[in-house]
There are 2 protein chains.
Amino acid sequence: MYDILFKHLEEKVSLTSGEKELVASFFTPKKLKRRQFLVVEGHVCKYLSFVTKGLLKAYNTDEKGNEHINQFTPEGWWTSDMNSFFRGEISFYSINAMEDSEVLVITSEDFENLTLQVPVMDRYFRLLFQNSLITKERRLISSHTHTAEEKYKHMVEKNPDLIRRVPQNLLASYLGLSPETLSRLKKNVM
Amino acid sequence: MYDILFKHLEEKVSLTSGEKELVASFFTPKKLKRRQFLVVEGHVCKYLSFVTKGLLKAYNTDEKGNEHINQFTPEGWWTSDMNSFFRGEISFYSINAMEDSEVLVITSEDFENLTLQVPVMDRYFRLLFQNSLITKERRLISSHTHTAEEKYKHMVEKNPDLIRRVPQNLLASYLGLSPETLSRLKKNVM
DNA sequence: AACAATACTTGATTTAGATCAATCGAATTT
DNA sequence: AAATTCGATTGATCTAAATCAAGTATTGTT
């Protein structure tokens, strides 16, 4: 279960076996049944979680009751409401398992201790956040400059895997489109 | 000139005077006249830059020739095309001085050496990127869930300073709106 | 001061995508 | 297996914001 975490860490940094042990000691495994919540909107997000199996979604609900997907998190990726986790504020997102899933979680105090005791983890997360930032920036620009169809095509190219795993209405939400629009536009694309 | 950089670093991490000297040695000061380019779209972005004076904009130009502002960078903030800087790819954005400005620049090789020689800089940038990520995420959600008017109001609340410094048409572009729409909606807000 | 270039406003028109509504199919649940 | 929930499609209509167009105000430049 920790193997996939280490494999991931070692793509960005090297760890001694002593460090690995220490890292592992900070995380707790957690199983989630489909539809189970890891975080509920309005509560504080206690964990930063590394998904080792399954698929989670992070989303928020607007005044009209519409869900807006912020992120899909398959195995090998991290999820959290970062604002809540790092700043102790109330969570804006809910995080929910779309499939039976397994995660490794760490609390914010432990995260702080982890980075102090294993400084290379600062480097790891620097690199991780750096890459996420590049991706988020692209999504933001795309949301301003691309048409619905271009956004979908881009998604098909970059995340063909997700397209297969995620119901179309949630994909639409992730792209900031209505389900009807996505349904219609697919005909033009193919 | 380096004072503002150190002040900024020390809001997130502590540095010995030896480390400060070392850090400083990696950066080069650069002056930019109004309208001068720091990066031109299509070239590799050689520098990560810390603005010590003035105001820069990062933007890209679409097929129709419309500019889309990605970021405004006043003094005390960092700017770069991160994808280009960290991955050596061609820059998607141009970065241009909106006022006479001064920046401290570092190349990507030097950035790598800096983090290796002063590991606490990994921590600094981890924290920096972490915060940017939270902000970018919010902007992205906002672009999906908020109306033009809400986006503008939010901006007025969060960045009243920028509103005063930046021409309205560029502000519109930053928010993903046409200049006409922003002009019209201001009347309703006040 | 005169000129050009930029920025802002206002009106008329268009349009991409949302919303409303109904039907059908596929998965879950009991 | 029947029942219920959930997802996808299609059509009709609506709307927020874009686009097109013209005029005015504000800067910046010689």
Which residues share a ring-ring contact (aromatic ring centres under 6.0 Å, His included) with [X], sequence neighbours left out:
X      : result
A/H8   : A/F50
B/F86  : B/F111
B/H144 : none
A/Y174 : A/F72

Quick one: pull up OG in A/S94 and CG in A/N70 and give me the separation to the nearest 0.5 Å.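 The OG atom of A/S94 sits 11.5 Å away from the CG atom of A/N70.
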
To the nearest 0.5 Å, what is the distance between CD (A/Q71) and NZ (A/K136)?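 It comes to 5.5 Å.
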
Can you tell me which residue among A/H146, A/R139, A/R138 is in a side-chain hydrogen bond (donor to acceptor under 3.5 Å, both in side chains) with A/S142?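 When A/H146, A/R139, A/R138 are each tested with A/S142, the side-chain hydrogen bond (donor to acceptor under 3.5 Å, both in side chains) holds only for A/H146.
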
Of all residues at least two apart in sequence or in a different chain, which pass the salt bridge (Lys or Arg N to Asp or Glu O under 4.0 Å) check with [X]?
X     : value
A/K53 : none
A/E99 : A/R165
A/E89 : none

Think A/N169 has a side-chain N or O under 4.0 angstrom from the OP1 or OP2 of D/dA8?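 The answer is yes; a side-chain N or O of A/N169 sits under 4.0 Å from OP1 or OP2.
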
Identify the 5'-most and 3'-most nucleotides of DNA chain C with at least one atom closer than 4.0 Å to a non-hydrogen atom of chain B.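 Here the contact window of chain B covers C/dA7 to C/dA12.
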
Regarding A/E180 and A/R184, does a basic nitrogen lie under 4.0 Å from an acidic carboxylate oxygen?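 A/R184 and A/E180: not salt-bridged.
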
Run the salt-bridge test on A/R126 and B/D122 with the 4.0 Å N-O cut-off and return the result as yes or no.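 Yes, A/R126 and B/D122 are salt-bridged.
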
Go along nucleotides 9-25 of chain D 5' to 3' and tag each nucleotide: B for a protein heavy atom under 4.0 Å from its base, S when only backbone or sugar atoms are that close, - otherwise. BBBB----SSBBB----

Which of residues 136-144 of chain A sit near DNA chain D, with a heavy atom under 4.0 Å from it?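 Output list: empty, so none.
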
Just how far, in rounded Å, is P of D/dT26 from CG of B/L170?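 Distance check: B/L170 CG to D/dT26 P gives 19 Å.
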
When the distance from OH of A/Y152 to P of D/dA8 is rounded to whole Å, what number comes out?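 Whole-Å distance recorded here is 11 Å.
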
Side-chain cluster (under 4.5 Å, hydrophobic types only) that B/Y93 belongs to, other residues: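 Members other than B/Y93 - counting any ILVMFWY side chain reachable under 4.5 Å - are A/I141, B/F92.
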
For Watson-Crick and G-U wobble pairs within 3.5 Å on both distances, what is DNA chain C written in dot-bracket notation, | included for inter-strand pairing? ||.|||||||||||||||||||||||||||

